[in-house]
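The structure under discussion appears below in the form of structure tokens.
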Amino acid sequence: MSTSLNPAQRRAAEILEGPVLVIAGAGTGKTHTLVHRLVKLVESGVAPESILLLTFTRRSAQEMVARAAKMLGDEREPVAGGTFHSFANLTLRRYGRDIDLPSNFTILDQSDVFEILSGIRTELKLTDEGLDLPRRETIAAIISKSINQQAPIEDIVAREYSQFFNITDYLGIAASRYEKYKSEHNLVDFDNLLVLLIRLLEQSDEARARVHDRCRYVMVDEYQDTNVLQARITHLLAGESRNLMVVGDDAQSIYAFRGANHRNLFDFKESFPDAELVTLEENYRSTQPVLDVANALMVQMSEAFQKRLFTKRAEGTRPLLVECSNEQEQAVFVAEEIGRLREQGIPLSEIAVLFRASRHAFALEVELGGHAIPYVKYGGFRFMESAHIKDVLAHLKLVERPEDDLSLSRVLLMRDGIGKKGAKQILDAVSGLSLVKSLRSYKARGKVRASLDELASFLESIEPLREAPPRCLEAAVEAFDPLIKTRYDDWPRRKRDLETLVGLVERYRSLPSMLTDLTLEPPNAARGQGLASNAPRSELVLSTMHSAKGLEWKAVFVIQAQDGFIPMISGFNTEREEDDEEALDEERRLLYVAVTRAKDLLYVVWPRDTARSRYSWPMPSRFIERIPEEYFERCDAHDWLA
DNA sequence: CGTTGGTAAATTTTT
DNA sequence: TTTACCAACG
Ligand SMILES: Nc1ncnc2c1ncn2[C@@H]1O[C@H](COP(=O)(O)OP(=O)(O)OP(=O)(O)O)[C@@H](O)[C@H]1O
């Protein structure tokens, strides 16, 4: 990385005290500036460990912390940095007692939340015959949005889910039952982490003082992706010293679907009227032909603070708009073109393929396999949330916290002879006593008796292994072996995943921190692949557009750019028009993020024949259609490949 | 009561 | 591909 700064960047980096706001377009060096300011702080005598770097996504956090570590060198203490959620977790484990939060709370992942909500959903349906409730995913989305926007359920339903307006009350009941379940079981979901951190910082003078003492300088990257809660946390962390830098680009705000509010970026000036505002204009990443496309997307945005990106790299290849007859041809085109780029000396690690949704890359993944092109995929598939992984981990969670009813229920249900009713009865019977003892003394016969004895013996046998979490996991995997074979037809693949998991946790010495990390920072493993070879090799990146933010590659392919996929139009869209407008704007910003990842070469590829094309005439993305024709080179994949 | 097997419906993006 | 729901069987 270059160590130089342009005058505007230097100005921002040299304001060491007080609030600083950097608003700038893609590739203008926001992260670059932030990291340089960090170095200047350290050079001025600030201890690296008293600087806190925060951002919303794990990948941005990794990128930011890695760049910081590289600039500071090895001999320095590492800076503290991560996502808001991981910071909240650490702080709450340490000081949570001040607000009556036990430090051994369990964090729920997405699928845990779904599980609890399906339970509540069936309960509600049972009491009210004929009641039609939305799917559990939708209920979860509504509840989460209400927390992340700090708005009542009624408002969220009225605004964005008007098709459920008549059952608003039930959604409210579901939300309060869900909250009750969590607090009764010492469970905390991702949203709670933020809410509880705010409560802690507001209510505990001591905790706040300690946190301020430790985090004397705070910097937030990708600030446009923060929601009300994260903005509040940022303000609380700044405290009286107000040593706070936030950087962001409103045109790259892509998390409104989870309550992010890019206006936070502008509101910063209102909360901190004396904040120094720095804007950056020169792009150091891309060639002008790539920026022409980005700028053409920018002018389509209704709300954006218009920033015209320019670069000294005036010369470059015009982006290519490629039309394919179908997804298969799209996959072939991308794979072949990547082969050609490699022949021209571009390493695989400098090439990325970006898409709107994980499944848009399925055909390409198969094709890459055929071409022996190694790749790593980000986004979409959640290894840690596969059923078999959760099955095994539920056993370990039970060792860590025997009163974890959610895990106990899961562990019971997978055993022979125990169904919903039985599990509930056993659950009610065990509360209070030692788990192993109560499982043994529970009155049951036949299959159920055998299942309970087997579970009790297993729990007893791994108890001594607590101090060696990887061995504990191995034992659980082994005990799970007979169950995996009866439960899953495709058990060989799932067994490989479990071996992968064992390999991934080798370094852990503490069971609770292992379990927390696996939830909060789940490793990105591929399905059924086994352990990746640890020989470092150059790999192609396949990524969702969301996960690509903040990163850059020489060559970028944006695939599945058919209208309907970009922007993504869901089949069931009863939202109000103005919300549609907002949603559409977000989709456009997403494409803006994608195209601004490219340094030199940009390909936008669209297939004609897809699942959608049966219902509507296939067209390239409406956002692409509105870009002046001369900004793209156009071709048909069929001719190109010939 | 639990299991099994069938059908219909839905299928983003992240912490 | 998975999940919610239902009916039939043990
Ligand atoms: N003053 C500079 N001189 C040379 N290169 C620079 C300069 N500033 C930034 N760069 C380079 O430009 C590229 C983009 O920088 P960076 O990732 O910090 O931009 P960004 O504004 O954070 O981008 P995004 O909004 O896309 O996350 C990087 O490769 C960085 O090294």
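Heavy atoms only: backbone and side chains are in, while hydrogens, waters and symmetry mates are out. In the text below, chain A, chain B and the rest are named by the order of the sequence lines, each starting its count at 1.
Residues A:Tyr223 and A:His262 keep their aromatic ring centres 6.0 Å or farther apart.
Both the sub-6.0 Å distance and the 45° axial angle are satisfied by A:Arg258 relative to the ring of A:Phe56. Annotation: cation-pi geometry not satisfied between A:Arg58 and A:Tyr378 (NZ/CZ under 6.0 angstrom from ring centroid, within 45° of ring axis).
The aromatic rings of A:His388 and A:Tyr488 sit perpendicular to each other, their planes meeting at more than 60°, with 30° as the lower class boundary.
Regarding A:Ile418, its CD1 atom lies at a distance of 15 Å from the P atom of B:dC1, rounded to whole Å. Taking atom NE2 on A:His546 and atom P on B:dT12, their separation rounds to 13 Å, with Å as the unit. Between A:Lys424 atom NZ and B:dC1 atom P there is a gap of 13 Å when expressed in whole angstrom units. We find that CG of A:Asn261 is positioned 20 Å from P of B:dT14, with the value rounded to whole Å. Taking atom CD1 of residue A:Ile107 and atom P of nucleotide B:dT14, one finds them 19 Å apart after rounding to whole Å. Whole-Å rounding puts the A:Tyr255 OH to B:dT15 C1' distance at 9 Å. Atom CZ in A:Phe114 sits roughly 16 Å away from atom P in B:dA10 (whole-Å rounding). The distance between atom CD of A:Gln230 and atom C1' of B:dT15, rounded to the nearest whole Å, is 8 Å.
In terms of position on DNA chain B, the residue among A:Phe84 and A:Ala423 whose nearest nucleotide sits closer to the 5' end is A:Ala423.
When each of B:dT13, B:dT14, B:dA10 is scored by its nearest atom to the side-chain atoms of A:Arg135, the top-ranked nucleotide is B:dA10. Each of B:dT15, C:dT2, B:dT13 was ranked by its minimum atom distance to the side chain of A:Thr544; first place goes to B:dT13. You'll find that the side chain of A:Thr57 is closest to B:dT14, out of B:dC1, B:dT12, B:dT14.
Between A:Ser547 and B:dT14 there is a side-chain polar atom (N or O) within less than 4.0 angstrom of OP1 or OP2.
Taking A:Glu367 as the reference, A:Gln328, A:Ala331, A:Val332, A:Ala335, A:His371 meet the side-chain contact (heavy atoms from CB on, under 4.5 Å) condition, with sequence neighbours excluded. Qualifying side-chain contact (heavy atoms from CB on, under 4.5 Å) partners for A:Leu90, counting only residues two or more places apart in sequence or in other chains: none.
Taking the side chain as every heavy atom from C-beta outward, A:Glu63 and A:Asp221 never approach each other to under 4.5 Å.
A donor-acceptor contact under 3.5 Å links the side chain of A:Arg356 to the base of B:dT13.
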Heteroatom pairs (N/O) under 3.5 angstrom, protein to nucleotides 3-6 of chain C:
from	atom 1	to	atom 2	distance (Å)
C:dA4	OP1	A:Arg136	NE	3.0
C:dC5	OP1	A:Arg121	NH1	3.0

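Remark: ring of A:Phe257 overlaps the six-membered base ring of B:dT13 in a stacked fashion, centroids less than 5.5 Å apart, planes less than 30° apart.
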